[in-house]
Amino acid sequence: MSIFTLQSVKKDFGIKEILKDASFSLDATDKVGLIGTNGSGKSTLLKMIAGLEPIDGGQLLINSGVRIAYLPQQPDLDESRTVLEQVFADSGEQMNLIREYEELSYKLAHHSEDSQLMARLSTVMQRMEITGAWELETHAKIILTKLGIQDFDARIGNLSGGYRKRIALATALLSEPDVLLMDEPTNHLDAMSVEWLQSYLKTYRGAILLITHDRYFLDRVTNRIIEIDRGDLYNYTGNYSYFLEKKALAEESAASQERKHYGVLRRELEWLKRGPKARSTKQKARIDRIHQMQEREFKEAQGKVDISTLGRRIGKKVIELKAISKAYGERTLIKNFTYEFSPDERVGIIGENGTGKSTLMDIITERIQPDSGTVEIGSTIHIGYFDQHSDDLLEALNQNQRVIDYLKEVAEYIKTADGTLITASQMLERFLFPGNQQYAPIHKLSGGEKRRLFLLRVLMSAPNVLILDEPTNDLDVQTLSVLEDYLENFNGCVIVVSHDRYFLDRTVNKIFALEEGGTLRQYPGNYSVYLDYKEEEQVEAAKQHTTSQQKKEESAKSEKSERQSSNNGKRRRLSTWEKREFEELEGKIAQLEAEKAQAEDALFNAPPGKVTQVQELYQKLETLTQVIDSATERWMELAEME
């Protein structure tokens, strides 16, 4: 059953036609990946479905009662709220109950004898049970923890953009809508959080329409791909791998049809040159058909990002880190790290958010100084630094500056790997910026197009050491694919900070894992090889734990056996008083269990105002439980000697 339908939808921003005649529907079981180059209109389409962007033509039909949750790239949250208040913002009575429960619990911790507080807490707890608020709070805390949020009482206004995005993601997931619209949900998530989100969405009961650059994520979550290509929508049933296969076949078929078309047209034009007279109906129809063939237009194949520029000479000494350390307050991010990068190094740096990956990049590029240790950079080294805050750099510029002028500040001409000299304008065309966009102001570009422009500027500076800090954020999969090809042939050292598993698998041959406490562990190979190493470490740790437990159990059994054995190795028999103890214990345990059951009933039915009585019942229950456990253990010990 369709949840919503787009019929002949149009959208035009003046310098670019986003959607020409877009039509598609979303079913209740669909998990759709929306792909296309940066600026093609992916985010705009999500905003139109969410009701945040008007459509210029056509119509959007949404079934009545359908609940839609929209996760933008830059969520707008209430900075005065705490983390829990934000994720429960739309939960109504449940949120109020949870908030009151937390407040009452805090007050009772300091005023345990206040009978009015205890009575109110009892009432709130009953309402939480009825409305399901207990389960909601537990579910929220699990989701937040999986997404790397530990402090549930932190104020939104004190958190970074990355944390805000994760909180907005948790809010969307917790609302459990009929349709989840998600714009780059994996941005700002570490690899473990991405793995968890991937598993969560695979079993999500509602429909999903998402934009992401993570190709592993697309492969494992989606069952349908919709591509936006120069205003047109193309639908593919299947995941991203299936899309790539069918896309290649479709392009090959289209190219074949175009070749056949022009082959036939060439022969027909040769016939027309011979000057046939349109005396018969058949000849007239043939001439009309030739004119129609001449007017037919074929969509050109999507241009590819060609960034094969000529790099600088690189010497033997690249970057040498000697015993560097960096801490902020009591938190150590990097501890006594020494490493010498080689000219053809391909290093991927991974770690949970906040462990210090970007700090390490800033130390290498000398943006910040280490607390101790030294950084030495070779005399021939020219670093190109593409960081995750490139949007901030672009925003700081004159937003009315033209795209081509921004690029010309680096170079008006550049020599490519094959020796060809090309202009900045030609380079922009290779980088999917057509002529009309080159002379547009920067503020007209989408977020992804700005990132692509900044990447081109970095590469045009002809670096021989390339540092990429989260390069996959907001770049489309087409650009990433060509960037990966470029890095494969790059003549220099590459250092990548990324959570994108596919990108790391394609581009690096060594992994540095940054752990809590500032330790950097090194692993040979790409990210998949690193996962194999980690799995082996976990298996080995589990074996050692099992062996340790077995030794403890064997030692305990040996001690027990020694106690039960007589001097000649036979089992010791129960003494007369032990037999009497054994017989009495059965009745005693039964009596204790009955007392415990009575205490539990009394506690459950205790009047709300009887604070002292409730505390006494709790204490009695704990004592009874301990006595029952001790008596049962003694009974089992005697039973073995019986």
So, Ser342 versus Glu345: side-chain donor-acceptor pair below 3.5 Å or not? yes
Are there over 12 heavy-atom neighbours, none belonging to Tyr204, within less than 6.0 Å of that residue's OH? yes
Could you tell me whether Glu340 and Lys317 have a side-chain N and a carboxylate O separated by less than 4.0 Å? no
Check step by step if ring pair (Phe, Tyr, Trp, His ring centres under 6.0 Å) holds for Phe243 and Tyr240. CA-CA 5 Å; Phe243 155 76; Tyr240 183 69; 5.7 Å; yes
Using a cut-off of 6.0 Å, state whether more than 12 heavy atoms not belonging to Lys146 lie near its atom NZ. no
For atom NZ of Lys10, is the number of surrounding heavy atoms from other residues, nucleotides or ligands below 6.0 Å larger than 12? yes
Between Asp485 and Arg506, is the closest basic N to carboxylate O distance under 4.0 Å? yes
Using modelled atom types and a 3.5 Å cut-off, is there a donor and acceptor pairing between side-chain atoms of Thr519 and backbone atoms of Glu515? no
Derivation and outcome, side-chain contact (heavy atoms from CB on, under 4.5 Å), residues Arg164 and Gln74: CA-CA 9 Å; Arg164 295 186 190 197; Gln74 304 294 332; over 6 Å; no
Between Lys335 and Glu516, is there a salt bridge with N-O shorter than 4.0 Å? no
Main-chain N/O of Gly517 paired to Thr332 side chain as donor or acceptor, under 3.5 Å: no
Donor + acceptor pair across side chains of Asp183, Gln73 (<3.5 Å): yes
Using modelled atom types only, decide if a donor and an acceptor are shared between the side chain of Lys357 and the backbone of Gly351 within a distance under 3.5 Å. yes
For Arg224 and Ile226, the nearest pair of non-hydrogen atoms, with its separation, is NH2-CD1, 3.9 Å
Beyond-backbone contact of Met48 with Leu19, side-chain heavy atoms, under 4.5 angstrom: yes
So does Asp387 pair up with Arg367, basic N to acidic O under 4.0 Å? yes
Identify the two heavy atoms, one from Gly315 and one from Pro343, that lie closest to each other, and give their separation to 0.1 Å. O-CG, 3.5 Å
Under 3.5 Å donor-acceptor, Asn239 side chain and Thr222 backbone: no
Could you check if a side-chain atom of Leu77 sits within less than 4.5 angstrom of a side-chain atom of Thr171, using non-hydrogen atoms only? no
Non-hydrogen side-chain atoms of Tyr163 and Ile149 separated by less than 4.5 Å: yes
Report yes if some heavy atom in the side chain of Leu169 is under 4.5 Å from a heavy atom in the side chain of His188; otherwise report no. no
Counting N and O atoms only, with roles assigned by atom type, does the side chain of Glu320 sit under 3.5 Å from a partner on the main chain of Glu376, one being a donor and the other an acceptor? no
Measuring only between side-chain heavy atoms, which start at C-beta, is His443 closer than 4.5 Å to Asn400? yes
Leu504 side, atom CG; Ile350 side, atom CD1 - distance, nearest 0.5 Å: 7.5 Å
Donor-acceptor contact present, side-chain Thr37 to main-chain Ser40, <3.5 Å: no
Count the heavy atoms belonging to other residues, nucleotides or ligands that lie under 6.0 Å from CG of Asn489, then report whether that count exceeds 12. yes
Pairing donors with acceptors under 3.5 angstrom, does anything connect the side chains of Tyr216 and Asp505? yes
One should read off an interatomic distance between Ile442 CD1 and Arg402 CZ, to the nearest 0.5 angstrom, of 11.5 Å
Quiz item: cation-pi between Lys534 and Tyr530, 6.0 Å / 45°: no
Looking only at heavy atoms, what is the nearest atom pair of Phe454 and Tyr406, with distance? CD1-OH, 3.2 Å
Please round to the nearest 0.5 Å and tell me the distance separating atom NE2 of His499 and atom CE of Met192. 14.5 Å
Nearest non-hydrogen partners of Val477 and Thr212, listed with the distance: CG1-O, 4.2 Å
Over 60° means perpendicular and under 30° means parallel, so tell me whether Phe512 and Phe341 are parallel, tilted or perpendicular. tilted
Got a donor-acceptor contact below 3.5 angstrom from the Thr338 side chain to the Ala323 backbone? yes
Assess whether salt bridge (charged side-chain N to carboxylate O under 4.0 Å, His left out) is satisfied between Arg501 and Glu195, documenting all intermediate values. CA-CA 10 Å; Arg501 301 155 293 173; Glu195 288 281 354; 3.1 Å; yes
For the NZ atom of Lys408 and the CG atom of Leu428, what is their distance to the nearest 0.5 Å? 9.5 Å
Any heavy-atom pair between the side chains of His213 and Thr186 that's under 4.5 Å? yes
Using the rule given for salt bridge (charged side-chain N to carboxylate O under 4.0 Å, His left out), can you reason through Lys165 versus Glu184, listing the C-alpha separation, both sets of side-chain angles and the distance that settles it, and then say yes or no? CA-CA 10 Å; Lys165 179 66 178 284; Glu184 296 290 358; over 6 Å; no
Is the Phe337 ring parallel, tilted or perpendicular to the Tyr339 ring (thresholds 30°, 60°)? parallel
Please report the interatomic distance NZ(Lys202) to CD1(Ile208), rounded to the nearest 0.5 Å. 12.0 Å
Over all heavy atoms of both residues, which pair between Ile211 and Ser43 is shortest? Give the atoms and the distance, please. CD1-N, 3.6 Å
Check whether any side-chain heavy atom of Leu6 lies under 4.5 Å from a side-chain heavy atom of Leu45, and answer yes or no. yes
Asp362 versus Thr359, side-chain donor and acceptor atoms under 3.5 Å: no
Could you tell me whether Arg452 sits above the aromatic face of Phe433, with NZ or CZ closer than 6.0 angstrom to the six-membered ring centre and within 45 degrees of the axis? yes
Minimal non-hydrogen separation, Ser498 against Pro471, with atom names: CB-CD, 4.4 Å
Look at the rings of Tyr533 and Tyr523 and say which category their plane angle falls in: under 30° parallel, 30 to 60° tilted, over 60° perpendicular. tilted
Any chance you could measure Ile363, atom CD1, to Ser358, atom OG, to the nearest 0.5 Å? 11.0 Å
Under a 3.5 Å threshold, yes or no: a donor from one side chain and an acceptor from the other, between Glu53 and Thr44? no
Validation row: Ile383, Ile319 side chains within 4.5 angstrom (heavy atoms): yes
Does Met361 offer a backbone N or O that forms a donor-acceptor pair with the side chain of Asp469 under 3.5 Å? no
Under the criterion side chain to side chain contact (heavy atoms under 4.5 Å, CB included), which of Asn223, Leu210, Leu201 is the partner of Lys31? Asn223
